[in-house]
Amino acid sequence: MTISPPPHFVVFPFMAQGHTTPLLYLSRILSDRHITVTVITTPANYSAVKSTLKNDFITVIDIPFPNNIPGVPPGVEITDKLPCMSSFINFVEATKHLQPGFENLIRTLPNVTCIISDGFLIWTQDSADMFNIPRLIFYGTNIFAMTMCNIMAQFKLHAGVGSDDEPFPVPGFPRFKLTANDFDPPFNELDPKGPGLEFLVRQQEAMARSCGMVVNSFYELEPEFNEYWNRNYGPKAWLVGPFCVAKAPAPVVGSQGVPTKMIEKPTWIQWLDIKLTKNEPVLYVSFGSQAEASPEQLREVAVGLEKSNKSFIWVVKPKQLQLIGSGFEERVKGRGKVVSEWVDQMEILKHEAVIGFLSHCGWNSVLESMCVGVPILAMPLMAEQHLNARMVVEEIGMGLRLWAKGMVARGVVGANEVAKMVVELMDGEGGRRVRKRVKEVGKRACGAMKDGGSSSVTLGSLIDHVCSSVHSTI
Ligand code: UDP
């Protein structure tokens with residue numbers, strides 16, 4: 001009797017924090033199902049990827065990243081290190097130079113059953129087609145936002161409204177309204193053109209040739225949108241998350257099973273420990289790895305946090321630190337902590353002292369907050385974050401919203417609004433309501449990932465689906 005080798009999945013994340021992290025979690029989930037997983041990355045990202053997966057039986061391989069890309073400084077191989085977001089399309093285009101290295105690698109690897117790659121790595125579809133390997137596409141967002149963007153592109157729902165803030169109904173979903181300002185270009189444009197549109201069209205062409213879309217969400221969270229997508233668009237969406245529930249990496253242990261060294265807690269966790277013993281609940285503030293709030297917005301948030309009189313921990317990018325204004329840290333000393341390093345966000349959110357999250361609503365942050373039962377104060381900044389904020393507040397009910405003056409989706413949120421809503425989230429009736437709700441939803445999210453849960457079952461079907469697809473590598 002011959003024993004056939006386990007399926008072999010090649011996972012290629014796009015080089016952006018919010019895109020890479022969930023696919024590394026998914027890699028771990030696949031590996032736990034006895035699938036051989038090879039993760040592809042680039043040299044500058046290799047050690048971070050490797051250390052995330054250090055205790056997993058997952059191979060990590062890097063392929064060279066091109067040099068001399070306009071707007072992309074040498075050595076920058078991840079989008080959150082780009083000097084500004086205007087270089088984003090250049091960065092995405094530069095990834096095309098990875099194609100020969102990727103294809104050479106596929107030739108040398110043991111038979112590949114499936115490629116899971118980010119939607120921004122458009123050319124990986126050509127490679128998959130050439131080798132006749134099924135490719136699953138991944139976008140890092142939820143199916144609600146994907147569906148709304150497609151509906152907007154198809155029906156131009158904002159064609160009849162007088163302003164970008166005037167609400168319009170969404171066909172098929174009478175219970176809510178959106179505005180043009182809930183969308184970024186090209187979706188909010190009536191006559192889109194230029195590189196942004198071309199990039200989108202190429203993504204959609206590749207997507208149509210893929211054999212499915214892996215979504216970091218779960219069916220019970222957004223059943224109507226999942227069904228609407230599968231009925232009207234495609235490729236078929238498989239909701240198999242939230243991936244952040246994947247078990248945390250095991251601690252590094254020595255041969256005797258004893259930790260090789262006692263790792264000291266980061267200072268911010270020690271600070272949270274103190275807050276917990278003093279019974280002073282803390283708001284966690286972070287706008288993710290990518291979005292850049294304007295200097296004015298950062299200053300309003302700072303003044304609002306100061307006025308709120310609540311305890312908070314604010315993680316900011318080093319280059320934004322000076323924009324907050326001198327003297328801020330001194331004025332909030334003891335009550336507020338500003339951290340300008342990379343933190344383990346899940347570790348902060350899980351800390352018992354943390355009872356609220358002022359967030360830009362990046363989808364990973366939303367899921368992480370949900371899974372640990374922490375409600376959100378939503379301050380979206382870019383990409384699909386405005387849609388995510390609507391989902392958090394209006395659909396799921398696990399958060400409150402910060403609005404710019406006039407309750408508009410874009411514009412600077414003032415300090416008084418920040419202060420008022422921070423107090424409401426931490427102490428008010430609205431806060432109690434969303435805190436109760438997020439704990440219920442969080443339980444369902446974790447349940448979806450357990451054996452027999454919707455995402456676990458869907459992942460099993462997805463694996464069967466790709467394993468039964470006929471393929472042969474050249
Ligand atoms: N993150 C982190 N530490 C930080 C900043 C971000 O661990 O200091 C993680 C966060 O937990 C999340 C990801 O980076 O998994 C950010 O993804 P998200 O979709 O929330 O936002 P993006 O950065 O893509 O805007």
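All ligand and atom numbering here is 1-based and tracks the order in the structure. Source: prediction; values computed, not measured.
Counting the atoms of ligand 1 from 1 in the order shown, those under 4.0 Å from a heavy atom of Ser289 are 22 (P), 23 (O). Short contacts between ligand 1 and Trp363, defined as distances under 4.0 Å to a heavy atom of the residue, involve ligand atoms 19 (O). The ligand atoms of ligand 1 that sit less than 4.0 angstrom from a heavy atom of Gly18 are 17 (O), 24 (O). Every atom of ligand 1 with a heavy atom of Gln17 under 4.0 Å away is listed here by number and element: 14 (O). Atom numbering of ligand 1 starts at 1 in the shown order; those under 4.0 Å from a heavy atom of Gly288 are 23 (O).
The nearest heavy-atom contact from the protein to atom 2 (C) of ligand 1 is Trp342 CZ2, 3.1 Å. At the top of the distance list for atom 20 (O) of ligand 1, counting protein heavy atoms only, stands Ser365 OG, 2.5 Å. If you check which protein heavy atom lies closest to atom 19 (O) of ligand 1, you get Asn364 ND2, 2.9 Å.
Taking CZ of Arg335 as the reference point, atom NZ of Lys337 lies at 14.5 Å (rounded to 0.5 Å).
Residue contacts with ligand 1: Glu368 is placed with a nitrogen or oxygen under 3.5 Å of a nitrogen or oxygen of the ligand (distance criterion only). Polar contact with ligand 1: absent for Ser286 (N/O pair, distance under 3.5 Å).
Remark: Lys405 fails to qualify as a cation-pi partner of Trp403 under the 6.0 Å distance and 45° angle criteria applied to the six-membered ring.
Remark: of the listed residues Arg135, Gln203, Arg202, Arg135 is the sole one forming a side chain to side chain donor-acceptor pair (under 3.5 Å) with Gln125.
The number of heavy atoms from other shown groups lying within 6.0 Å of CD (Glu352) does not exceed 12. Crowding of Arg444 atom CZ: a count of heavy atoms from other residues, nucleotides or ligands under 6.0 Å not exceeding 12.
Of the N and O atoms on the side chains of Ser286 and Trp314, not one donor lies less than 3.5 Å from an acceptor on the other residue. Counted by atom type alone, Glu222 and Asn226 present zero donor-acceptor pairs between their side chains at under 3.5 Å.
Among Asn216, Val343, Val366, Leu367, the residue whose heavy atom lies closest to atom 7 (O) of ligand 1 is Val343. Heavy-atom proximity to atom 21 (O) of ligand 1, evaluated over Met382, His360, Gln290, Met346, is greatest for His360.
Side-chain contact between Phe14 and Phe91: present, with at least one pair of heavy atoms (C-beta onward) separated by less than 4.5 Å.
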